[in-house]
Amino acid sequence: MRWDKKKILEIDRRHIWHPFTQMKDYEDRDPPVIVKARGLMLETIEGKLLYDTISSWWTNIHGHLHPALNEALRRQLELLDHVNFSGFTHPYAVEVVERLRAFLPPSLTRFFFSDNGSTAVEVALKMAFQFWQNRGFEKKTRFVCLENAYHGDTIGAVSVGGVDLFFKLYKPLTFETFRAPSPYCYRCEEGPTFTLSATHKCQLTCLRGLEEILDRHAGEICAVIVEPRLQAAGGMLVYPAEYLKELRRLCDTHGVLLIFDEVATGFGRTGTMFALEQAGVVPDIICLAKGLTGGYLPLALTVATEEIYAAFYADYLEGKTFYHGHSFTANPLCCAVAAASLKLFAEERPLERSKPAREYFHRRLQELFSGEDYVGDIRYVGYVGAIELVAEREKKTPFPPEKRFGFQIYMRSLEEGLVLRPLGDVIYWFLPLCITEEDVEEILSRSQRVIAEIIGRLR
Ligand SMILES: Cc1ncc(COP(=O)(O)O)c(C=O)c1O
């Protein structure tokens, strides 16, 4: 079927309901129609090129349509499209696990497949809960999460979410959790002028709230869940690795499991294969998705320790089975691409190759934005960078939300060949590992022009 732009937009407008989108915002504007992609670039139906500055919702790792990943998918299409993963196995899942084991801490030994970040988190929550139930700790039923946390949009993930804008309405549907303060360095009295990579000396005062919860309620708590080093959807909040070390110690002394949600931070995005490496800390469970297939296809993993697995391993009649699974668990097409992506990590070492670009990115963020009075904070880790826009720098006063500065910047960025999709008034870049210094320069200088223009116009 051949489509023209007008027809696509007509049908889209009439029938399609887009995610995380107030559809009325598109009453009199059209979304770009993307028909192709290559490397860092998206191409619209009119042939206009856009820098994919957010890696297609934080998924893309090696650039779009990488030849090795394309080839892996093509090859897999000759072999096996799909088969149920309960009672069967296949070499494609086994290859993913074997390749991934080389990058993960050795104590994470048991791999449970699912198909997106939210399901990886649901699995982790149910696993942590049932771990304690299977061992006879019936009172351990609750979780600790952080303010500004985002772990997905299914109800379990929403229950451990801490972004009120997204989740408040659904509270009556969710289970009760303990919510501890967020390590939001910019809004912390002890924080530095700019958070930058959050490697400043810090008393970790923000952990005291969490410690109090554990002191009082450890007997009811099965696990703490956090996004290590970077609370992403909560505003790209970069926080010290030391926090994670101390958190691990607290969980150990209180007999509580620790879950790392590396759905956004995994696969090199923070400059190391996994963010946990920056703290030298190993969780009991890790959640992976997004970049697992290099950003091609939906696939997720929840990886647990042997101790957790052992609590489920029993005679059938003991009732300790993990009753969880999804139709597309370990889909072979997804696994083939994931294995190819992991092979690229092993053979081409993209993290080493693009280290100069990563460092250039950090330096240019500071050079371009630290002198702007509308920039309250600058933060970065690996390939992720963000600036927080404020009306008054001294007092850290936000712009009035109804002015929607972030949204206006986003709309203008599309015209300028960029995708500056904001989180409120936080403008961020979530770059793929194939980025070069030239790309960084072009992206940041265009971004600066767009941001300054909109601020100048709306202020
Ligand atoms: C840290 C984190 N966890 C979980 C999710 C949910 O992943 P998905 O959108 O694949 O369900 C996201 C998505 O942005 C995320 O950033």
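Count residues from 1 along the sequence. Atoms within each ligand, like the ligands themselves, are counted from 1 in listed order.
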Can the ring centres of [X] and [Y] be said to be less than 6.0 Å apart?
X: H326; Y: H324; answer: yes
X: F274; Y: F260; answer: no
X: F322; Y: F112; answer: yes

**Study point:** Heteroatom proximity flag, E227 to ligand 1, N/O under 3.5 Å
**Key:** no
Starting from [atom], what is the nearest protein heavy atom, named by residue and atom, and what distance separates them?
atom: atom 12 (C) of ligand 1; answer: Y150 CE2, 3.5 Å
atom: atom 5 (C) of ligand 1; answer: V263 CG1, 3.7 Å
atom: atom 7 (O) of ligand 1; answer: G117 CA, 3.2 Å
atom: atom 11 (O) of ligand 1; answer: S118 OG, 2.6 Å

Exercise for review: Please verify whether a non-hydrogen atom of K290 lies at under 4.0 Å from ligand 1.
Suggested key: yes
Check your understanding: Does some non-hydrogen atom of W58 fall short of 4.0 Å from ligand 1?
Key -> yes
Point to revise | Residue that, paired with F85, satisfies ring pair (Phe, Tyr, Trp, His ring centres under 6.0 Å) out of F113, Y92, F328, F111 | key: F113
Practice item. Side-chain contact test, heavy atoms from C-beta onward, threshold under 4.5 Å: evaluate it for L210 versus Y243 and give yes or no. Key: yes
Practice item. Within a distance under 4.0 Å of any heavy atom of D261, pick out the atoms of ligand 1 and give their elements. Key: 1 (C), 2 (C), 3 (N), 4 (C)
Check your understanding: Relative to the heavy atoms of A264, which atoms of ligand 1 are at a distance of less than 4.0 Å?
Key -> 16 (O)
Point to revise | R187, CZ atom: more than 12 neighbouring heavy atoms under 6.0 Å | key: yes
Review point. Which of these, I409, I54, T53, L414, sits in a side-chain contact (heavy atoms from CB on, under 4.5 Å) with R421?
Key: I54
